[in-house]
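Here the structure comes first, spelled out in structure tokens, and everything after it is commentary.
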Amino acid sequence: MKKILLLLAILPFTATAREAVVTSPDRQLVVTVSDEGPQATYSISLNDRQMVLPSALGFKADFGDFTRQLTITHEKKSHQSSTYEMRQTKQTVVRYEAATLTVDFENHQHQHMSVEFFVKNNDVAFRYLIPRQHDDNPKCAVIEHEATAFRLPEQTATFLCPQINPLTGWQRTKPSYEEEYTPDAPMAVPSRYGQGYTFPCLFRIPQQDAADAWVLISETGVDSQYCGSHLSDYHAASGYTVAFPQQGENNGIGSTAAAIPLPGQTPWRTITLAHSLRPIVETTIPYDVVEQRYEPSCDYKAGRYTWSWLIWQDNSVCWDDQLQFIDLAAAMGYEYYLVDGCWDTQIGRDRMPALSRYAQSKGVSLLLWYNSNGAWNDAPQTPRHCMNTALARQQEMAWLQQIGVKGIKVDFFGGDKQQTMQLYEDILADANRYGLQVIFHGCTLPRGWERMYPNFVSAEAVLASENVYFSDYHAAQEPFQLTMHPFCRNTVASMDWGGVIMNRYMSRDNRSRHQRQTSNVFELATAITNQAAIQCVAMQPNNLSELSQTELDFLRQLPTTWDETRLVDGYPGRYVVLARRHGSQWYIAALNAQKTPLRLTVDLSAFSGLTHLLIDAVDKKTKTTSTALLPLKKNKKGLQPLELQPNSGIVVY
């Protein structure tokens, strides 16, 4: 008997693994958290099918290791319901119900952390909560890396944009979230630059006996208290993992880790899952789990802006050309005009008050461009060193407010380090004090910022319209890009694509250089499919006489804020049919990026007030294309057949 007791005493003790489970309000989505094995994991099933396989949870901090040997000690469940409003996203009023689960863990050093889950129908968000430990210490922490992973079934296809190496590209301005998406690629193919993928990341999971499943992974709630993250390359054993910034970002200055006060929390990782693309496109999860950080200092106005630089380029930033574009904005009834880089040297800072007064006399407000630098890249455009320090910002923004400027576009940021995230937040907070709205370019993905910062408008973070000007290759890629973004980039954050392009040729005379390869109605439809509360309509002065009255009338009445958004049909990179409501008026826009005509029958019975059809009409004799406005002739069931030629579009309104 003594020998048996001695043997039992020296055998290792293994506690029974624990699980915690939370289910979405409609009971279709199930999240399971487990401490079985060397790492804590979570998994997600949808309609009894596992969509996210057991994937690692945890992080490594300077005070403790939470990547292994974690034990569940407690769980707490609750239910949330809420209603909130936003003016500058795809939906004005958001109502949701969600189940929440907080799982407490202890590591082998008897240190503690928790994982908080927020689960809606089709949406999961989770983050780490980190308390102070023994003796109320430490009171701050450095998160060195995360083990957070996303394992998807082997047959999954990907729609991803690669993260590029730092200090590359023009004037060492990358990374800037401006690389090309690759559709329908296998997970095992390495990323183009070996640095993984930028958020958001879209995946399609084939199903043998049901509709394919779709998964969208991103993050939200990133502010000055953390760094921005991306996904690593795929590894068969671990899947994709959360990756922190590269050392070379921000010109090598600043840590790649995140420093937070304790108690504290990380940003939210978000996963949207569905058996159709509609919940992917319509998700509001980036905004549901964040809160407004400050009150708006004034009533910020949405609207449209014109922009000389896209076609007329650098030399257009001169007094006479700017007057032409201000007059164009006034003729179209637009609220804003964007003065691009080098205005301080090519127009003169001393003349800007007069330019602003001229614009205001026409009912137009100016937006001014700024270089974010700093010391993080070599972009030469001025004004420089006006946005990178608090003293410079406050002096500059006070002057902008004094001369009546209503917003700024700040370009050429340094990456995703916490130091750069601090700069974004500081610019936004200071701008709010002076009644300025903010657009970011050459930048990171916004992560819930429309709700967090009420004067934030939109960001580029996409291979944008300037590339259509730069090369015929990118002009040919425009249809693919603009049928990709409604399902990925633009569904998680407002996107400043940079212009509804109405010139046929990419030149000032509209006769030389390469052609735009989309139809006019395609371009008009992008004003609906691309979402930003202040939308660029990159018309040129010559367009006032060259466009038809139908086209001008549509562009004059174009709304930029939306009370509701619904996906009607589509496939990423091939085609999209998207409906948006402004007040009582619905707009349905369709784009075809395929090389063959697209024939669809769309059910319009759920959309009130539709009376007109804007299409590309082809003259049978001359083969020329023009924009035609036709009366809508849907049948008694509300069904409307649509036919879109390649690189063409349709608008129903």
Side-chain angles (χ1 to χ4, degrees), residues 304 306 328-329 331-334 478-479 482-483 499-504 510 516-531 535-540 542-562 566 568-569 575-593 597-636 638-653:
R304 294 74 46 94
T306 57
L328 171 62
M332 294 300 295
Y334 290 174
E478 182 188 2
L482 293 187
T483 53
V500 178
I501 307 172
M502 298 312 298
N503 256 28
R504 172 54 59 186
N510 203 16
R516 168 169 52 85
Q517 298 194 23
T518 57
S519 74
N520 277 13
V521 180
F522 182 102
E523 292 296 322
L524 298 176
T526 66
I528 308 300
T529 58
N530 291 344
Q531 184 272 314
Q535 183 80 274
C536 179
V537 182
M539 293 177 63
Q540 312 301 301
N542 52 281
N543 296 150
L544 285 174
S545 59
E546 294 172 352
L547 297 180
S548 69
Q549 193 62 46
T550 294
E551 293 163 331
L552 290 172
D553 287 346
F554 179 81
L555 289 170
R556 283 191 173 103
Q557 59 83 51
L558 181 69
T560 65
T561 56
W562 305 108
R566 295 187 204 170
V568 178
D569 200 354
Y575 73 99
V576 63
V577 184
L578 194 63
R580 299 194 195 270
R581 179 175 60 84
H582 177 79
S584 61
Q585 178 65 57
W586 281 97
Y587 294 78
I588 300 177
L591 305 174
N592 180 22
L598 174 65
R599 296 175 179 86
L600 300 169
T601 298
V602 178
D603 185 356
L604 302 179
S605 60
F607 307 104
S608 59
L610 300 175
T611 57
H612 293 89
L613 191 66
L614 201 62
I615 65 168
D616 291 303
V618 180
D619 188 291
K620 293 182 180 179
K621 293 183 179 180
T622 65
K623 305 300 182 183
T624 57
T625 301
S626 61
T627 299
L629 183 63
L630 305 177
L632 189 63
K633 295 181 179 179
K634 57 188 176 183
N635 65 22
K636 293 180 180 179
L639 301 179
Q640 173 70 45
L642 301 177
E643 181 173 344
L644 291 86
Q645 295 302 311
N647 297 359
S648 182
I650 286 176
V651 181
V652 186
Y653 66 106

Evaluate the side chain to side chain contact (heavy atoms under 4.5 Å, CB included) criterion for residues L578 and V568: first the C-alpha distance (whole Å), next the side-chain angles of each, then the deciding distance (0.1 Å), finally the verdict. CA-CA 5 Å; L578 194 63; V568 178; over 6 Å; no

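- Q645 and E643 are linked by a side-chain donor-acceptor pair at a separation below 3.5 angstrom, with hydrogens and angles left out of the test.
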Candidate pair R304 and L558, rule side chain to side chain contact (heavy atoms under 4.5 Å, CB included), full reasoning: CA-CA 8 Å; R304 294 74 46 94; L558 181 69; 4.2 Å; yes

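- For the residue pair N503 / N543, a side-chain donor-acceptor distance below 3.5 Å is found, with atom types taken as modelled.
- Note that CG of L613 is 5.5 Å distant from CD of Q640, once rounded to the nearest 0.5 Å.
- The heavy-atom pair separating W586 from A606 by the smallest distance is NE1-O, 4.5 Å.
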Could you go through the side chain to side chain contact (heavy atoms under 4.5 Å, CB included) check for L328 and Y334 one step at a time? CA-CA 9 Å; L328 171 62; Y334 290 174; over 6 Å; no

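- Contact of the W562 side chain with the R581 side chain is not registered, since no non-hydrogen atoms from C-beta on lie closer than 4.5 Å.
- Atom CD1 of I588 sits about 11.5 Å away from atom CG of D569, to the nearest 0.5 Å.
- Closest approach of I501 and R516 over heavy atoms only: O-NE, 3.2 Å.
- Considering OG of S548 and CG of D553, their distance stands at 8.0 Å, rounded to 0.5 Å.
- Pairing each heavy atom of V521 with each of V651, the nearest pair is CG1-N, 4.3 Å.
- One finds the CG atom of L544 at 5.0 Å from the CE atom of M539 (value rounded to the nearest 0.5 Å).
- The two atoms that bring R580 and I528 nearest to each other are NE-O, 2.6 Å, heavy atoms only.
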Please assess L552 against M332 for the test side chain to side chain contact (heavy atoms under 4.5 Å, CB included), listing each intermediate value before the final yes or no. CA-CA 8 Å; L552 290 172; M332 294 300 295; 4.1 Å; yes

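- Formation of a donor-acceptor pair under 3.5 Å by the N510 side chain with backbone atoms of R504 is found in this model.
- Put simply, the side chain of L598 does not reach to within 4.5 Å of the side chain of L642, judged on heavy atoms.
- Side-chain N or O atoms of Q585 include none that pairs as donor or acceptor with a backbone N or O of H582 at under 3.5 Å.
- Considering every non-hydrogen atom in both A589 and T529, the closest pair reads CB-CG2, 3.8 Å.
- Counting heavy atoms from C-beta on, the side chains of L555 and M502 come closer than 4.5 Å.
- Counting heavy atoms from C-beta on, the side chains of L482 and N530 come closer than 4.5 Å.
- The nearest pair of heavy atoms linking S584 to S608 is O-OG, 4.0 Å.
- For E546, there are no salt bridge (charged side-chain N to carboxylate O under 4.0 Å, His left out) partners two or more places apart in sequence or in a different chain.
- Between P479 and N647, the closest side-chain pair of non-hydrogen atoms falls below 4.5 Å.
- Distance check: Y575 OH to T483 OG1 gives 11.0 Å after rounding to the nearest 0.5 Å.
- Proximity of a side-chain donor or acceptor of R556 to a complementary backbone N or O of A331 within less than 3.5 Å is detected.
- Considering V602, L600, L591, L644 in turn, L644 is the only one that fulfils the side-chain contact (heavy atoms from CB on, under 4.5 Å) rule with I650.
- Counting only distance, with no hydrogens or angles, the side chain of E523 and the backbone of N520 share no donor-acceptor pair below 3.5 Å.
- Classified by interplanar angle (parallel below 30°, tilted 30° to 60°, perpendicular above 60°), the ring pair Y653/H612 is tilted.
- With hydrogens and angles left out, the side-chain atoms of S519 and D616 include a donor and acceptor closer than 3.5 Å.
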